[in-house]
Structure formats: C-alpha cells, structure tokens
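What you are looking at is a predicted structure, and each value in this text was computed from that prediction instead of being measured.
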Amino acid sequence: MQNTSQQTQLFLDRASLADKSEQLKPVIDTFFSTDIGHKHIIVKRSIIYFYEHDQIVNSIACGGDADNSIYTFDGLKVSRIAPQYFIGSAFVGSAAAQDMHSANNNNNNNNNNNNGNNNG
C-alpha cells in the first residue's frame, strides 16, 4: 500500500492535481486497495475516470484549467498519453485517417472487381 500511495502522489503531481491531493489521494488509494490488476484511472480535461474491467465505475470532476494532457495510472505505473490516442482517426491530418481512407478505396475496388464491375 505504501508504494501505491507514493505512486498516487506522483500521478497527482504529473496530472497537475497536487493541490487537490488531500481530497483525491485517499479515494485513489482506496480504489486500488483490491483487485489492482483490473483497474486503472485516466485524467482527461480535469476529470478523473475510474475504470474497473474496462468499465467506468466512477468519475470525479477536479475543476481547474483543462489542457490536452492525458494521464493514466494503474496503481503502479504513471503514463502520459498523446491526445491523438483517444481521438483516433477523427484527428485531422493523422496517419490513421489517411490509412483508413486508402483501405476503404481498396475495398471498393475489390468489391467492384468481384461483382464484375470492371471498367476495363
């Protein structure tokens, strides 16, 4: 539990929530006190989302200035995640969006070829 508590503080520091650690630290430490292997939390836009078995089970709005930084914590490891990870192919100019468009064209060409809709 001591190691989780230290990591919780590190998480709050990195997520710019150190000023709220007195209120948040007990909640986070309690959350990770059991079944730690199936839990994680994410801070996005000043909201902490608590996940258990990949389902949101709680959230806490922390107020303050929202920024684009996203942090995740699994009770042991603190990570910063690029915002594009959550936006995915909707991110304008992303390689994923370009690849998706290209793959769609290939599928249409394959469907046309398979249906005898060849133009040549």
Side-chain angles (χ1 to χ4, degrees):
M1 184 72 163
Q2 181 63 24
N3 188 37
T4 300
S5 186
Q6 290 172 343
Q7 291 300 101
T8 298
Q9 188 60 53
L10 175 66
F11 172 71
L12 293 171
D13 291 346
R14 296 281 165 89
S16 300
L17 296 171
D19 59 328
K20 297 175 178 34
S21 65
E22 192 173 311
Q23 298 92 351
L24 296 174
K25 198 171 174 188
V27 175
I28 294 171
D29 287 344
T30 300
F31 178 70
F32 286 116
S33 65
T34 61
D35 198 23
I36 193 170
H38 296 99
K39 296 180 179 181
H40 67 280
I41 57 178
I42 294 175
V43 172
K44 181 179 178 188
R45 295 189 188 125
S46 299
I47 300 173
I48 300 177
Y49 298 94
F50 294 80
Y51 288 83
E52 187 169 354
H53 297 280
D54 297 325
Q55 299 278 329
I56 296 175
V57 295
N58 190 16
S59 64
I60 299 174
C62 299
D65 295 329
D67 62 17
N68 286 335
S69 298
I70 301 169
Y71 294 90
T72 184
F73 178 49
D74 66 3
L76 300 173
K77 182 180 176 186
V78 178
S79 301
R80 184 175 182 276
I81 300 175
Q84 293 86 344
Y85 177 81
F86 285 97
I87 297 171
S89 62
F91 182 67
V92 176
S94 74
Q98 294 169 355
D99 288 344
M100 194 170 193
H101 178 50
S102 174
N104 194 17
N105 283 343
N106 288 338
N107 283 339
N108 287 337
N109 289 337
N110 288 339
N111 287 338
N112 288 336
N113 290 337
N114 291 336
N115 292 327
N117 295 330
N118 293 334
N119 293 329

(request) Go through the structure and list residues passing ring-ring contact (aromatic ring centres under 6.0 Å, His included) with Phe11, not counting sequence neighbours. (result)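 Testing Phe11 for ring-ring contact (aromatic ring centres under 6.0 Å, His included), a comparison that skips the adjacent residues, returns Phe73.
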(request) Kindly say whether Arg80 contributes a backbone atom to a donor-acceptor pair with the side chain of Thr72 at under 3.5 angstrom? (result) no
(message) If we ignore hydrogens and angles and just use 3.5 Å, is the side chain of Gln7 paired with the main-chain N or O of Leu76 as donor and acceptor?
(response)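 Yes, the answer is positive, given that a donor and an acceptor are paired below the 3.5 Å cut-off.
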To the nearest 0.5 Å, how far apart are [atom1] in [X] and [atom2] in [Y]?
X: Gln55; Y: Tyr49; atom1: CD; atom2: OH; result: 15.0 Å
X: Ile41; Y: Ile60; atom1: CD1; atom2: CD1; result: 8.5 Å
X: Ile56; Y: Phe50; atom1: CD1; atom2: CZ; result: 11.5 Å
X: Leu17; Y: Thr8; atom1: CG; atom2: OG1; result: 12.0 Å

(message) Are Ile28 and Leu12 packed together at the side-chain level, in the sense that at least one heavy-atom pair is separated by less than 4.5 angstrom?
(response) yes
(message) Checking Asp35 now: which residues fulfil side-chain contact (heavy atoms from CB on, under 4.5 Å) with it, not counting sequence neighbours?
(response) His38, Lys39, Glu52, His53
(request) Measure across Ile70 and Lys44 and return the closest heavy-atom pair with its distance rounded to 0.1 Å. (result)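 Looking at all heavy atoms of both residues, the shortest contact is CG1-CG, 4.0 Å.
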(request) Locate the shortest heavy-atom distance separating Gly75 from Ile36; write the atom from each residue and the value. (result) CA-CD1, 3.8 Å
Side-chain donor-acceptor distances from residues 19-27 under 3.5 Å, at least two apart:
| unit_1 | atom_1 | unit_2 | atom_2 | d |
| --- | --- | --- | --- | --- |
| Lys20 | NZ | Cys62 | O | 3.4 |
| Ser21 | OG | Ala18 | O | 3.0 |
| Lys25 | NZ | Ser5 | OG | 3.3 |

